[in-house]
Amino acid sequence: MWRRVASLSRTISSSSSRSLSRNQAAFGLSIRESYATEISKPEEGVLPPKEKAPFITFVLGGPGSGKGTQCEKIVETFGLTHLSAGDLLRREIAMHTKNGAMILNLIKDGKIVPSEVTVKLLQKELESSNSSKFLIDGFPRTEENRVAFERIVGADPDVVLFFDCPEEEMVKRVLNRNQGRVDDNITTMKKRLKIFEALNRPVIDYYKNKGKLYTINAIGTVDDIFKQVLPIFTPFQEQLKQSRHAM
């Protein structure tokens, strides 16, 4: 779906490609790179809505931050298609795919699955879906994830939500609600949160500097927290309405 749209866009713009390519050559850019730059900034684009990149929301937050519950409400309210990198990896394992055994062994050894593997699973879902608006939960976890997504998928997120929650609260939530791993305790939880902070903070800072990060105070009731989320999507309402199922 997505690639067909990109192909159509390049065909439509062929009449002006000669003059454009001369300018791109001067700056050492390819036509493909220029096109990727244009679609990553919807506000500057001139293509009809159906020819733009899909609407993408990244949702970040540590274990116990409550982002999972908020993802459900966002999907229900705005009709986004929910994708979880973790769920896709677990599905590969359960279905005994070519990469399933490798993914399982890496997880057992406490290692991180290569970004390219995770991103290609996400890319497959994005391209095979009839939807054109997505919420990607818990991704990107690292700068390597982020760079791989931009390189392979060729798109930037429109919105990045970060559910900010104090460490003590996240530890309490995971342990009291039994939401984490079976071997979780205070020590292991604090270790997990330190790793999350070290790996995810550069991603958070990157999107903050790009003006795409929205930090949510994740303390309070589910409804109170969601009240902070709703206004974030208000400027995108028209775009979300136009991002209907692909033709």
Side-chain angles (χ1 to χ4, degrees), residues 1-3 54 56-76 80-155 157 160-163 170-171 173-204:
M1 173 273 293
W2 190 357
R3 287 176 176 172
I56 295 176
T57 297
F58 286 158
V59 182
L60 309 177
S65 63
K67 65 181 176 62
T69 303
Q70 294 299 318
C71 283
E72 292 177 5
K73 291 184 73 66
I74 294 168
V75 166
E76 179 182 352
L80 278 68
T81 296
H82 182 217
L83 297 178
S84 165
D87 286 348
L88 293 177
L89 292 173
R90 285 187 284 272
R91 187 179 72 183
E92 290 291 294
I93 295 171
M95 295 179 64
H96 304 288
T97 64
K98 182 177 66 174
N99 287 326
M102 177 270 290
I103 294 169
L104 179 59
N105 288 331
L106 287 173
I107 293 175
K108 282 181 176 179
D109 293 339
K111 298 177 181 178
I112 297 175
V113 177
S115 292
E116 185 166 334
V117 172
T118 305
V119 171
K120 284 187 175 179
L121 290 175
L122 288 168
Q123 181 187 36
K124 182 179 178 181
E125 294 297 312
L126 291 169
E127 294 182 350
S128 63
S129 175
N130 286 329
S131 176
S132 57
K133 48 186 178 180
F134 300 89
L135 179 147
I136 304 181
D137 178 7
F139 184 92
R141 296 188 56 151
T142 68
E143 270 289 274
E144 183 182 298
N145 283 170
R146 178 189 67 76
V147 172
F149 186 89
E150 293 178 2
R151 174 175 58 84
I152 295 171
V153 178
V160 181
L161 302 178
F162 169 51
F163 288 90
M170 288 191 282
V171 170
R173 287 178 181 177
V174 171
L175 297 183
N176 290 350
R177 300 177 188 177
N178 195 29
Q179 291 179 330
R181 302 170 186 172
V182 294
D183 61 342
D184 268 335
N185 55 52
I186 293 178
T187 302
T188 59
M189 266 302 299
K190 288 188 175 182
K191 182 178 180 181
R192 285 175 62 193
L193 289 170
K194 284 183 180 178
I195 293 173
F196 169 81
E197 176 69 18
L199 294 177
N200 210 226
R201 179 54 59 179
V203 179
I204 293 168

Check your understanding: Sequence neighbours excluded, which residues qualify as side chain to side chain contact (heavy atoms under 4.5 Å, CB included) partners of Lys111?
Key -> Leu106, Asp109
Exercise for review: For Val203 and Asn145, run side-chain contact (heavy atoms from CB on, under 4.5 Å): C-alpha distance rounded to whole Å, both residues' side-chain angles, the deciding distance at 0.1 Å, then the answer.
Suggested key: CA-CA 9 Å; Val203 179; Asn145 283 170; over 6 Å; no
Practice item. Applying salt bridge (charged side-chain N to carboxylate O under 4.0 Å, His left out), name anything that partners Glu144, two or more places apart in sequence or on another chain. Key: none
**Study point:** Non-neighbouring partners of Glu150 that pass side chain to side chain contact (heavy atoms under 4.5 Å, CB included), sequence neighbours left out
**Key:** Arg146, Asp156, Tyr206, Tyr207
**Study point:** Thr57 side chain near Phe134 side chain, heavy-atom distance below 4.5 Å
**Key:** no
Check your understanding: side chain to side chain contact (heavy atoms under 4.5 Å, CB included) with Ile112: which residues, sequence neighbours excluded?
Key -> Leu199
Exercise for review: Could you pull out all residues at least two apart from Phe196 that satisfy side chain to side chain contact (heavy atoms under 4.5 Å, CB included)?
Suggested key: Asn200
Practice item. Look up atom NE2 in His82 and atom OG in Ser131, then write down how far apart they are to the nearest 0.5 Å. Key: 13.0 Å
Check your understanding: Counting N and O atoms only, with roles assigned by atom type, does the side chain of Ser129 sit under 3.5 Å from a partner on the main chain of Leu126, one being a donor and the other an acceptor?
Key -> no
Check your understanding: Rounded to the nearest 0.5 Å, how far does NZ of Lys133 lie from OG1 of Thr81?
Key -> 8.0 Å
Exercise for review: Would you please indicate if the ring centroids of Phe149 and Phe58 are separated by under 6.0 Å?
Suggested key: yes
Check your understanding: Does some side-chain heavy atom of Asp137 sit less than 4.5 Å from a side-chain heavy atom of Lys67?
Key -> yes
Review point. Quick one: salt bridge (charged side-chain N to carboxylate O under 4.0 Å, His left out) partners of Lys190, sequence neighbours excluded?
Key: none
Exercise for review: Could you tell me whether the side chain of Arg192 and the main chain of Pro63 form a donor-acceptor pair under 3.5 Å?
Suggested key: no
Point to revise | Close side-chain approach of Leu161 and Ile74, heavy atoms under 4.5 Å | key: yes
Exercise for review: Using salt bridge (charged side-chain N to carboxylate O under 4.0 Å, His left out) as the criterion, list what pairs up with Glu72, not counting sequence neighbours.
Suggested key: none
**Study point:** Sequence neighbours excluded, every pair satisfying side-chain hydrogen bond (donor to acceptor under 3.5 Å, both in side chains) that has a member inside residues 83-95
**Key:** Asp87-Arg90, Arg91-Glu125, Glu92-Thr97
Review point. Between CG of Leu121 and CD of Glu116, what distance do you get to the nearest 0.5 Å?
Key: 11.0 Å
Point to revise | Pairwise side-chain contact, Leu60 with Phe139, heavy-atom cut-off 4.5 Å (strictly under) | key: no
Practice item. Report yes if the side chains of Val113 and Leu89 come closer than 4.5 Å at any heavy-atom pair, otherwise no. Key: yes
Practice item. Inspect the surroundings of NZ in Lys120 and state if more than 12 heavy atoms from other residues, nucleotides or ligands are less than 6.0 Å away. Key: no
**Study point:** Contacts of Phe163 that satisfy ring pair (Phe, Tyr, Trp, His ring centres under 6.0 Å) - sequence neighbours left out
**Key:** none
Revision key, fill the gap. Smallest heavy-atom separation, Gly100 atom then Ile93 atom, equals O-CG1, 3.6 Å
Practice item. Would you give the length of the straight line joining atom SG of Cys71 to atom CD of Glu76, rounded to the nearest 0.5 angstrom? Key: 13.0 Å
Check your understanding: What residues form a salt bridge (charged side-chain N to carboxylate O under 4.0 Å, His left out) with Lys194, not counting sequence neighbours?
Key -> none
Exercise for review: Indicate yes or no: at least one non-hydrogen side-chain atom of Leu83 is less than 4.5 angstrom from one of Leu122.
Suggested key: yes
Review point. Is there side-chain contact between Val59 and Gln70, with at least one heavy-atom pair below 4.5 Å?
Key: no
